[in-house]
**Q** 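Sharing a structure with you now.
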Amino acid sequence: EGGDDVSGPPAPVIALPGAVAGAAAVPAERYVLAWTDLAFEASRVGASGALLAMFLLAAPLEEGLKVLVVFSANRRRVRTPRQGLVYAVAAAAGFAAVEIAWASTRAGGSIAPARLLLSVPAHLFFAGIWGYALGVSRGHDHWFRAAWLVAMLLHGLYDHIVFGRGAGLLVA
């Protein structure tokens, strides 16, 4: 499978700009949330306010920054679905590591560690969706755009359940 090797920067090198993107996203989200009087928690702003915060701010910003990392590192070198998957997941891993480290310093409540740990697989999985499509799309960006949109919406819904709702829904 010589055509499936990951050429270009190794995946750990992609994780570093992913971490930088995560370091930029957390304060940006907090600033916008404070400015708009929105929050991710439905108990603070109601379900509609929490959904707005998640779907109009967090989900598109986070997935968009991960795409920016992959595109800036090696968009032209992504030739296969495996390469797209590896690069997207590497960027997401760096992003998630910084986001979790930053959020853990400010997280409160007894279920905060569970929420933070449950957010990591979502970053990896949803980035993997559009990353795979990036390798498949080669010249047909509509597949990538559709996959990114689906991944962003599902990530927003997942994060709303994990961060925006109570412990009962988190367990379910």
Side-chain angles (χ1 to χ4, degrees), residues 1-29 32 40 51-104 114-165 169-170 172:
E1 292 186 46
D4 225 11
D5 66 314
V6 180
S7 61
V13 173
I14 304 297
L16 183 60
V20 171
V26 173
E29 286 175 355
V32 172
F40 296 136
L51 286 168
L52 280 172
M54 195 59 70
F55 285 110
L56 296 180
L57 173 63
L61 176 66
E62 292 178 6
E63 290 304 320
L65 285 172
K66 291 177 222 168
V67 168
L68 181 64
V69 167
V70 172
F71 273 29
S72 65
N74 56 4
R75 166 67 170 114
R76 289 188 176 93
R77 292 187 179 141
V78 176
R79 294 185 186 100
T80 66
R82 182 186 291 175
Q83 288 174 331
L85 179 72
V86 167
Y87 288 133
V89 170
F95 189 101
V98 169
E99 184 183 55
I100 296 308
W102 192 313
S104 67
R115 291 179 194 270
L116 294 173
L117 288 177
L118 285 172
S119 72
V120 173
H123 280 291
L124 305 178
F125 178 75
F126 295 117
I129 290 173
W130 59 256
Y132 186 87
L134 181 64
V136 169
S137 66
R138 285 187 273 162
H140 306 306
D141 285 341
H142 60 279
W143 288 112
F144 165 74
R145 288 190 298 261
W148 183 86
L149 183 63
V150 166
M152 184 270 300
L153 291 172
L154 290 175
H155 194 173
L157 179 63
Y158 182 89
D159 278 355
H160 176 70
I161 292 168
V162 170
F163 292 106
R165 296 302 187 150
L169 195 54
L170 180 67

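Only this structure's heavy atoms are used, side chains among them; waters, hydrogens and symmetry mates stay out.
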**Q** According to the salt bridge (charged side-chain N to carboxylate O under 4.0 Å, His left out) rule, which pairs have a member within residues 125-135, sequence neighbours left out?
**A** none

**Q** Under the rule for side-chain contact (heavy atoms from CB on, under 4.5 Å), what residues qualify as partners of L117, not counting sequence neighbours?
**A** none

**Q** As an exercise, state the distance from CD of E62 to CG of L57, rounded to the nearest 0.5 Å.
**A** 8.0 Å

**Q** Once you round to the nearest 0.5 Å, how far does CZ of F40 lie from CG of L51?
**A** 11.5 Å

**Q** Tell me the closest heavy-atom pair linking F55 and L153, and the distance in Å.
**A** CE2-O, 3.2 Å

**Q** Identify the two heavy atoms, one from Y132 and one from P81, that lie closest to each other, and give their separation to 0.1 Å.
**A**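 Where Y132 meets P81 most closely, the heavy atoms are CE1-CB, 3.1 Å.
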
**Q** Rounded to the nearest 0.5 Å, how far does CZ of R115 lie from CD1 of I100?
**A** 12.5 Å

**Q** If you take all heavy atoms of D159 and M54, which pair is closest and at what distance?
**A**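 Minimum heavy-atom separation between D159 and M54: CB-SD, 3.5 Å.
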
**Q** At their closest point, which heavy atom of A23 faces which heavy atom of P27, and how far apart are they?
**A**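 Where A23 meets P27 most closely, the heavy atoms are O-CD, 3.0 Å.
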
**Q** For A21, check side-chain contact (heavy atoms from CB on, under 4.5 Å) against everything at least two apart and list the hits.
**A**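 A21: side-chain contact (heavy atoms from CB on, under 4.5 Å) contacts with L65, V69, F95.
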
**Q** Quick check: do Y87 and L134 have side-chain heavy atoms less than 4.5 Å from each other?
**A** no

**Q** Which pair of non-hydrogen atoms, one from V13 and one from P17, has the smallest distance, and what is that distance?
**A** O-CD, 2.8 Å

**Q** Could you tell me which non-hydrogen atom of A91 sits nearest to which non-hydrogen atom of V70, and how far apart they are?
**A** CB-CG2, 4.0 Å

**Q** Can you name the side-chain contact (heavy atoms from CB on, under 4.5 Å) partners of L16, sequence neighbours left out?
**A** none

**Q** Below 3.5 Å, can you tabulate the donor-acceptor pairs from side chains in residues 122-130 to any protein atom, sequence neighbours excluded?
**A**
residue : atom : partner : partner atom : Å
H123    : ND1  : K66     : NZ           : 2.8
H123    : NE2  : E99     : OE1          : 2.5
W130    : NE1  : E63     : OE1          : 2.7

**Q** Name all residues meeting the side-chain contact (heavy atoms from CB on, under 4.5 Å) criterion together with V20; count only those two or more places apart in sequence or in a different chain, and write none if there are none.
**A** none

